[in-house]
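The shown structure was predicted, so the numbers you read here are calculated from the model rather than taken from an experiment. Naming: A, B, ... by sequence-line order, numbering from 1 per chain.
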Protein chains: 2
Amino acid sequence: MFNSSVLLKEYDLKVTPQRVAIVEELYRNGHMNIDELYQSLLKKFPSISLATIYKNVNAMVEKIFLNEVKIPEAKSVYELAKEEHSHLICSSCGKIEDIYIDTSVLNDSVATISDFKVKDTKVVFSGTCSDCQKSSK
Amino acid sequence: MFNSSVLLKEYDLKVTPQRVAIVEELYRNGHMNIDELYQSLLKKFPSISLATIYKNVNAMVEKIFLNEVKIPEAKSVYELAKEEHSHLICSSCGKIEDIYIDTSVLNDSVATISDFKVKDTKVVFSGTCSDCQKSSK
DNA sequence: ATATCTGCAAATGCTTTGCAGGGCA
DNA sequence: TGCCCTGCAAAGCATTTGCAGATAT
């Protein structure tokens, strides 16, 4: 079962209610940008400061316990770190989904035509999610 | 031969010396962020304004004649639009290279496990360029 | 001729910083 | 208790906007 306090401790971050809430919101929603996190935490902590969100998100990113996902034509979102995966971005509704596909073929292609040593491969697909395909019919 | 005036006209942008310079710098350097463009144009136009750079880059991006490339842990860079390609980012020196590999296999993988309709696939590889591999030996 | 562009200055927005009080270990 | 965290306010950057004069077509 998912336990945000344990997670925070593992990464040497003191357990505070605000941090727990950040982690749990991300766990529930998958991907959120700074402002979505702020709006969401405001409900639980009416006097929480945006600065607190920034400080904590930055701290968690530094501990490599959150990842920043940069998205074409939109604000970055954050997600809990997990095994390598790619992202599907719906241009119509903005929804972001994870997708687990094998991208290692690409690394092989790079290796055959270049001397570049690949450490990390990020893939972002833009297009239309299945909900938006239906509703546009 | 490369002709920036023709290019600007094709995209319904008035040909000004500043715009020509932006296009030519990008043509020569491949990828530049806003500040690099500004510093570079300052040499030719000592009184050019950052606002002019922003306005023009934004206009060119809207005309889909420049692309913004979002890079992990660095500022976005801009490049002249060209056929679809991927990017190699050297984590050591920051250099950005284009690489032309076929990414359509990934779209097939997505299609088999998801209903998402892919329109565009962006791939960014991070790692070490060949120069930096040599110099670290 | 005129619509658009440039450069300047101001405004806006986003993110970070410093600090005093409060909370977790 | 002691160090770290929070919230507030201010500072710092990045980007956009409005405007008057200049420029491209």
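Here C:dC14 presents its P atom at 13 Å from CD of A:Glu36, a figure rounded to the nearest Å. Residue A:Lys44 contributes atom NZ, which lies 19 Å from atom C1' of D:dG7 at whole-angstrom precision. Between the P atom of C:dT17 and the CG atom of A:Asn56 lies a distance of 14 Å, rounded to the nearest Å. Rounded to a whole Å, the CG atom of B:Leu42 is 15 Å from the P atom of C:dT6. A straight line from NZ of B:Lys63 to C1' of C:dT4 spans 12 Å, rounded to a whole angstrom. Atom C1' of nucleotide C:dT6 and atom CG of B:Leu41 are separated by 13 Å, given to the nearest angstrom. Put simply, CD on A:Gln18 is 9 Å from C1' on D:dG7, counting in whole angstrom units. Remark: P of D:dC4 and CG of A:Asp12 are 11 Å apart, rounded to the nearest angstrom.
Listed pair B:Asn33 / D:dA14 fails the phosphate criterion, with no side-chain N or O lying under 4.0 Å from OP1 or OP2.
In this structure, A:His85 and A:Tyr100 have tilted ring planes: the angle between them lies in the 30° to 60° band.
Within the structure, salt bridge (Lys or Arg N to Asp or Glu O under 4.0 Å) contacts touching residues 11-34 of chain B (residues at least two apart or in different chains) are B:Glu25-B:Arg28. Listed by first and then second residue, the side chain to side chain donor-acceptor pair (under 3.5 Å) pairs involving residues 64-74 of chain A are A:Glu68-A:Ser76 (not counting sequence neighbours). Applying the salt bridge (Lys or Arg N to Asp or Glu O under 4.0 Å) test to every pair with at least one member in residues 47-65 of chain B, sequence neighbours left out, gives no pairs at all. The stretch residues 95-105 of chain A participates, sequence neighbours left out, in these salt bridge (Lys or Arg N to Asp or Glu O under 4.0 Å) pairs: A:Lys82-A:Asp98, A:Lys95-A:Asp131. Listed by first and then second residue, the side chain to side chain donor-acceptor pair (under 3.5 Å) pairs that reach into residues 111-125 of chain B are A:Thr128-B:Lys119, B:Asn107-B:Thr121, B:Asp120-B:Lys122, sequence neighbours excluded.
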Heavy atoms under 4.0 Å is the rule here; annotate nucleotides 15-25 of chain D 5' to 3' with B where the base is hit, S where only the sugar-phosphate is, and - elsewhere. SBBB-----BS
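Within 4.0 Å of B:Thr52, counting heavy atoms only, lies at least one base atom of the nucleic acid.
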